[in-house]
There are 2 protein chains.
Amino acid sequence: MQRISDSTVHRLSKYFRTLIYMQGKGIKTVSSKNLAHHNGVTAAQVRKDLSCFGAFGRRGLGYNVVDLRSNIGKIMGLDRAWKVALCGVGNIGRALLDYDQFRSQGFQITVAFDKDPAKIGKTIHGVSVRNEIDLERDVKAEKVDIAVVAVPARAAQSIVDRLVVGGVKAILNFAPINIKVPPGVYIRHENMAIEIETLSFALTNPDLVQSE
Amino acid sequence: MQRISDSTVHRLSKYFRTLIYMQGKGIKTVSSKNLAHHNGVTAAQVRKDLSCFGAFGRRGLGYNVVDLRSNIGKIMGLDRAWKVALCGVGNIGRALLDYDQFRSQGFQITVAFDKDPAKIGKTIHGVSVRNEIDLERDVKAEKVDIAVVAVPARAAQSIVDRLVVGGVKAILNFAPINIKVPPGVYIRHENMAIEIETLSFALTNPDLVQSE
DNA sequence: AATTGTGAACCTCTTCACAGCT
DNA sequence: AGCTGTGAAGAGGTTCACAATT
């Protein structure tokens with residue numbers, strides 16, 4: 001069985017959002033060319049990406065918007081609700097508690113942890129903040145699927161280790177540091193500093209990068 | 001002159017952060033192997049990345065931490081201050097106004113815009129929020145280098161168009177939608193939904209992805 | 001002995017191009 | 001005629017392996 005590349009998964013996520021938009025607009029059918037145009041890729045790329053999982057289109061006609069959305073949703077596991085825990089209720093953590101794109105796609109932040117006594121016990125955006133001391137116990141009890149780590153860099157590895165002890169298999173890390181996890185645990189990094197520094201690089205070396 | 005890949009630039013950004021950390025710890029010298037280990041890549045990859053820009057190490061000895069940090073800083077344009085404008089002072093915008101990783105690396109958010117009358121005129125984290133109506137005029141007057149777009153998806157393309165009119169050449173977009181920019185303008189996307197959906201995919205298809 | 005810098009080999013992802021279906 | 005699905009070709013990024021240096 002073939003492995004699927006990160007790039008393909010990222011694009012599927014984008015196609016999925018485009019299809020939701022199109023469904024909302026009442027568009028019934030879409031071609032690979034059109035879907036590609038909405039996402040800044042080539043039509044061949046769209047077809048290749050989809051062909052990893054089956055044949056969802058009809059030659060000569062294109063893809064049915066509702067069906068393709070439903071199929072990509074199933075492929076990506078977006079046809080169910082995921083239990084999400086948030087670790088670290090700082091600036092970024094608070095923003096994520098109220099982030100539409102998580103909520104609307106089935107990612108429900110049901111638990112939040114912090115070690116600041118001033119925050120523990122408070123309810124923010126409908127989620128009550130718990131004491132980080134109980135992290136392992138609580139993520140196990142709540143059967144958390146995915147943890148979002150938004151603690152300072154120096155604390156991130158230890159929080160992740162404890163999440164793993166609590167049985168969490170998927171982690172989204174916002175701390176600007178590499179984290180080690182055992183086999184079978186998935187970790188993804190979201191580092192906003194990297195992207196803005198990439199812009200700094202582009203402005204500094206316009207001859208070394210291609211703009212759109 | 002060779003083009004530099006996004007992956008290389010992203011890794012340089014990571015090496016840079018590692019070197020800052022090492023410098024803080026008083027570490028004088030680092031090998032490609034060590035730098036690689038801190039960032040989850042191979043030693044050959046580190047050397048190849050650096051070799052795009054010159055020969056910074058000494059055979060048999062490794063790299064001087066302070067010198068390499070300084071060199072990467074120059075390459076990435078992190079040895080200067082960038083003027084950053086924020087568009088959209090919602091949950092994410094507010095979090096970014098107080099984001100350490102921006103501030104400490106020379107990205108100074110000096111202007112913020114919103115169209116909500118309740119926000120205009122207020123000062124948040126030391127930045128006063130201006131009326132979005134004056135966007136083009138103000139980014140031009142303030143000589144903004146980089147704009148961060150944190151407005152809803154439906155407003156993002158139009159805000160970007162106006163930023164371009166105002167002369168902004170680099171944009172960091174948080175709206176979950178593809179944005180078109182003219183040649184010579186750099187845009188990077190930060191989409192947290194994509195990464196969490198990638199985790200959803202991994203949990204749903206453990207056989208199709210490799211964990212660490 | 002340790003470690004860099006780098007051409008060559010390797011591998012992976014993207015694009016091409018066309019047969020096949022509507 | 002229009003559009004998908006896909007093997008083959010092409011492009012690009014990563015790893016190997018070793019000469020060069022300390």
Side-chain angles (χ1 to χ4, degrees), chain A residues 1-15 18-19 22 27-65 67-69 71-72 75 194 198 201 208-210 212, chain B residues 1-15 18-19 22 27-65 67-69 71-72 75 194 198 201 208-210 212:
Chain A
M1 188 177 281
Q2 74 184 314
R3 284 194 51 249
I4 305 295
S5 74
D6 276 1
S7 329
T8 293
V9 179
H10 287 182
R11 284 190 300 266
L12 285 176
S13 166
K14 293 181 185 179
Y15 305 156
T18 304
L19 291 163
M22 289 176 164
I27 297 167
K28 298 294 178 215
T29 293
V30 64
S31 65
S32 58
K33 186 177 169 186
N34 189 214
L35 201 44
H37 185 73
H38 270 84
N39 290 283
V41 300
T42 65
Q45 182 75 80
V46 170
R47 297 200 300 274
K48 250 298 190 266
D49 287 337
L50 296 175
S51 76
C52 298
F53 302 94
F56 304 112
R58 299 222 292 159
R59 296 177 190 225
L61 302 177
Y63 304 87
N64 177 287
V65 170
D67 290 352
L68 187 57
R69 181 204 159 156
N71 276 308
I72 297 183
I75 291 164
I194 289 181
T198 302
F201 177 84
L208 299 186
V209 293
Q210 62 185 5
E212 312 295 289
Chain B
M1 189 178 282
Q2 74 183 313
R3 284 194 50 250
I4 304 295
S5 75
D6 277 1
S7 330
T8 293
V9 178
H10 287 181
R11 284 190 298 267
L12 284 176
S13 166
K14 294 180 185 178
Y15 305 155
T18 304
L19 290 164
M22 289 176 164
I27 297 167
K28 298 295 178 214
T29 293
V30 65
S31 66
S32 58
K33 187 177 169 188
N34 189 215
L35 202 44
H37 184 74
H38 270 84
N39 291 284
V41 300
T42 65
Q45 182 76 81
V46 170
R47 296 199 299 275
K48 251 294 190 269
D49 287 336
L50 296 175
S51 76
C52 297
F53 302 95
F56 304 113
R58 298 223 293 159
R59 296 178 190 224
L61 301 178
Y63 303 87
N64 177 287
V65 170
D67 291 351
L68 187 57
R69 181 204 159 156
N71 276 308
I72 297 183
I75 290 164
I194 290 181
T198 302
F201 177 84
L208 299 185
V209 294
Q210 61 185 6
E212 311 296 290

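In what follows, every chain begins at residue 1, and chains take the letters A, B, ... in the order their sequences are listed. Every heavy atom of this structure was used, including side-chain atoms; hydrogens, water molecules and symmetry mates were not.
Under the 4.5 Å side-chain criterion, counting only non-hydrogen atoms from C-beta, B:V30 is not in contact with B:H38. When side chains are defined from C-beta on, B:L68 counts as touching B:L35, because their heavy atoms get closer than 4.5 Å. The side-chain heavy atoms of A:V41 and A:Y15, taken from C-beta on, include a pair separated by under 4.5 Å. B:F201 has its side chain out of reach of A:H10: every pair of non-hydrogen atoms, C-beta onward, lies at least 4.5 Å apart.
Residue contacts for B:K33: at a heavy-atom cut-off of 4.0 Å it reaches no nucleic acid atom on any strand shown. B:R47 comes within 4.0 angstrom of a base, heavy atoms only.
Protein chain B contacts DNA chain C from C:dA2 to C:dA8, reading 5' to 3' and using non-hydrogen atoms of the protein with a distance under 4.0 Å.
The distance between atom CG of A:D67 and atom C1' of D:dT4, rounded to the nearest whole Å, is 15 Å. Remark: P of D:dC18 and CZ of B:R59 are 15 Å apart, rounded to the nearest angstrom. D:dA20 atom C1' lies 13 Å from atom CG of B:L61, rounded to whole Å. Straight-line distance from the CG atom of B:N39 to the C1' atom of D:dT14: 16 Å, rounded to whole Å. Here D:dT15 presents its C1' atom at 12 Å from CG of B:D49, a figure rounded to the nearest Å. Spacing between atom CD of A:Q2 and atom C1' of D:dG7 amounts to 14 Å, rounded to whole angstrom units. Atom P of nucleotide D:dT4 and atom CZ of A:F56 are separated by 14 Å, given to the nearest angstrom. Following rounding to the nearest Å, A:K48 (NZ) and D:dT4 (C1') show an atom-to-atom distance of 12 Å.
Here OG1 of B:T8 is found 4.5 Å from CZ of B:R11. Values are rounded to the nearest 0.5 Å. Interatomic distance, B:L12 CG to B:N71 CG, rounded to the nearest 0.5 Å: 11.0 Å.
Within the structure, a side-chain polar atom (N or O) of B:Q45 is placed less than 4.0 Å from OP1 or OP2 of D:dT15. An OP1 or OP2 oxygen of D:dC3 is reached within less than 4.0 angstrom by no side-chain nitrogen or oxygen of A:S32. Taking only side-chain nitrogens and oxygens, B:R58 never comes nearer than 4.0 Å to OP1 or OP2 of D:dA20.
Closest-nucleotide positions on DNA chain C for A:A44 and A:I4 were compared, and the one nearer the 5' end corresponds to A:I4. Between B:R11 and A:A43, the one whose closest nucleotide on DNA chain D sits nearer the 5' end is A:A43. Residue whose closest nucleotide on DNA chain C sits further toward the 5' end, between A:G60 and B:G54: B:G54.
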Return a table of donor-acceptor pairs under 3.5 angstrom between the side chains of residues 50-57 of chain A and protein atoms on other chains or two or more places apart.
from: A:S51; atom 1: OG; to: A:K48; atom 2: O; distance (Å): 2.8

